[in-house]
Q: 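Sharing a structure, written as structure tokens. Questions coming.
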Amino acid sequence: DTEVTQTPKHLVMGMTNKKSLKCEQHMGHRAMYWYKQKAKKPPELMFVYSYEKLSINESVPSRFSPECPNSSLLNLHLHALQPEDSALYLCASSQDGTRRHNEQFFGPGTRLTVL
Amino acid sequence: DAKTTQPNSMESNEEEPVHLPCNHSTISGTDYIHWYRQLPSQGPEYVIHGLTSNVNNRMASLAIAEDRKSSTLILHRATLRDAAVYYCILRDANMNYGGSQGNLIFGKGTKLSVKP
């Protein structure tokens with residue numbers, strides 16, 4: 001199984017809502033990532049988890065809260081988002097976050113719209 | 001990570017070879033050259049990577065200039081499924097982000113269109 005799955009595929013939420021994005025992989029990977037991609041732009045890194053510990057937070061606003069409950073799961077909790085947070089949110093994983101050449105496997109993303 | 005420069009877009013005909021260039025004039029001796037692509041409505045996928053020697057895999061070939069200041073991703077026979085944005089990314093083998101340095105820094109990439 002070389003797949004990263006993400007749910008939901010699409011999400012529409014209001015600025016006062018609380019929602020969560022989920023990501024799952026069963027490849028035994030120990031590094032997982034969240035990226036944000038605005039329309040017609042390249043993906044931008046948000047968070048990196050290595051061995052279930054947060055190792056990189058790229059100055060992401062606190063309305064985005066990541067969580068890695070175990071080595072297969074990665075969540076992104078959303079609260080009080082702004083319309084400019086509307087984007088494609090991509091999850092990825094790699095075998096070992098301590099090596100820079102490990103291939104990253106990406107999920108299909110969650111298309112988020114904030115009204 | 002050093003920067004890369006790619007053309008914004010390229011066109012190819014189906015079943016013909018495609019050469020996607022990438023300039024990286026400030027590349028350091030420990031930078032690996034990685035290529036990812038992103039098909040429409042999908043997440044990026046790994047294509048290939050190399051350091052100095054040319055590399056081949058089932059998806060593509062990577063030709064690296066002798067001075068390493070440029071490289072070319074070669075798709076030997078383009079198909080309609082190869083229409084995507086192709087990203088050339090440099091990864092410094094020596095950088096350590098405190099135990100996790102797997103993040104990718106994407107540039108703008110090249111949007112490849114394939115005509116039937």
Side-chain angles (χ1 to χ4, degrees), chain A residues 2-6 9-10 21 23 25 27 29-60 66 68 87-111, chain B residues 1-6 8-9 22 27-53 55 57-60 62 84-111:
Chain A
T2 58
E3 193 179 18
V4 175
T5 58
Q6 291 187 242
K9 284 187 168 40
H10 301 275
L21 309 185
C23 174
Q25 56 88 14
M27 294 178 277
H29 290 173
R30 302 311 298 272
M32 296 186 76
Y33 315 82
W34 280 115
Y35 290 83
K36 174 181 177 179
Q37 186 173 26
K38 302 281 281 183
K40 299 190 185 304
K41 299 288 188 185
E44 295 179 348
L45 181 72
M46 300 175 72
F47 302 103
V48 180
Y49 273 83
S50 180
Y51 294 87
E52 295 91 68
K53 291 191 187 328
L54 182 65
S55 60
I56 292 179
N57 175 342
E58 292 287 354
S59 303
V60 179
C68 190
L88 180 69
Y89 288 84
L90 294 160
C91 173
S93 70
S94 66
Q95 185 174 19
D96 182 344
T98 62
R99 291 168 55 188
R100 293 186 65 82
H101 311 305
N102 285 321
E103 173 184 351
Q104 285 193 20
F105 292 80
F106 284 80
T110 293
R111 177 75 60 188
Chain B
D1 290 313
K3 290 196 174 179
T4 62
T5 304
Q6 299 177 253
N8 288 334
S9 62
C22 181
I27 191 170
S28 75
T30 53
D31 280 335
Y32 279 72
I33 302 157
H34 290 243
W35 285 81
Y36 279 73
R37 72 179 186 180
Q38 187 170 19
L39 278 65
S41 301
Q42 294 190 28
E45 64 175 344
Y46 168 83
V47 178
I48 201 166
H49 79 273
L51 182 64
T52 55
S53 304
V55 184
N57 67 20
R58 63 174 179 80
M59 288 181 71
L62 177 60
V85 178
Y86 287 78
Y87 297 101
C88 170
I89 302 168
L90 300 184
R91 310 288 307 288
D92 185 345
N94 285 340
M95 289 190 71
N96 184 352
Y97 287 83
S100 177
Q101 50 273 356
N103 53 302
L104 297 169
I105 300 175
F106 289 85
K108 294 180 182 178
T110 296
K111 183 175 182 179

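These numbers come from a predicted model, not from an experiment. In what follows, chains are A, B, ... by sequence order, proteins preceding strands, each numbered from 1. Quick note: numbers below take in every heavy atom, side chains included, and nothing from hydrogens, waters or symmetry partners.
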Q: Let me confirm one number: the NZ-NZ distance from B:K108 to A:K41, rounded to the nearest 0.5 Å.
A: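 B:K108 NZ to A:K41 NZ: 6.5 Å, rounded to 0.5 Å.
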
Q: Considering non-hydrogen atoms only, spot the tightest contact between A:P43 and B:Y87 and give its length.
A: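 Closest approach of A:P43 to B:Y87: CD-OH, 3.8 Å.
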
Q: Please determine, among B:G107, B:G109, B:S41, the option with the most heavy-atom pairs under 4.5 Å with chain A.
A: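 Result: the option with the highest number of such pairs is B:G107.
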
Q: Find the distance between CD (A:Q37) and CZ (B:F106) and round it off to the nearest 0.5 Å.
A: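 It is 8.0 Å, given to the nearest 0.5 Å.
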
Q: Taking all non-hydrogen atoms of both residues, which atom of A:E103 and which atom of B:Y46 are closest, and how far apart?
A: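 Minimum heavy-atom contact is CG-CB, 3.2 Å.
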
Q: At a 4.5 Å cut-off on heavy atoms, which part of A:K40 comes close to chain B: side chain, backbone, both, or neither?
A: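 For A:K40, no heavy atom lies under 4.5 Å from chain B.
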
Q: Determine the minimum heavy-atom distance between A:L90 and B:P44, stating which atoms define it.
A: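 Between these two residues, the closest heavy atoms are CD1-CD, 3.9 Å.
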
Q: Distance-only, no hydrogens or angles: does the A:Y33 side chain make a donor-acceptor pair with backbone N or O of B:L104 under 3.5 Å?
A: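 Side chain of A:Y33 to backbone of B:L104: no pair is present.
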
Q: Counting only non-hydrogen atoms closer than 4.5 Å, does A:E44 touch chain B with its backbone (N, CA, C, O), its side chain (CB onward), both, or neither?
A: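 Answer is neither: A:E44 stays 4.5 Å or more from chain B.
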
Q: Please examine the side chains of A:F106 and B:Q38, heavy atoms only from C-beta on, and report whether any two atoms are closer than 4.5 Å.
A: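 Side chain of B:Q38 against side chain of A:F106, heavy atoms only: no contact under 4.5 Å found.
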
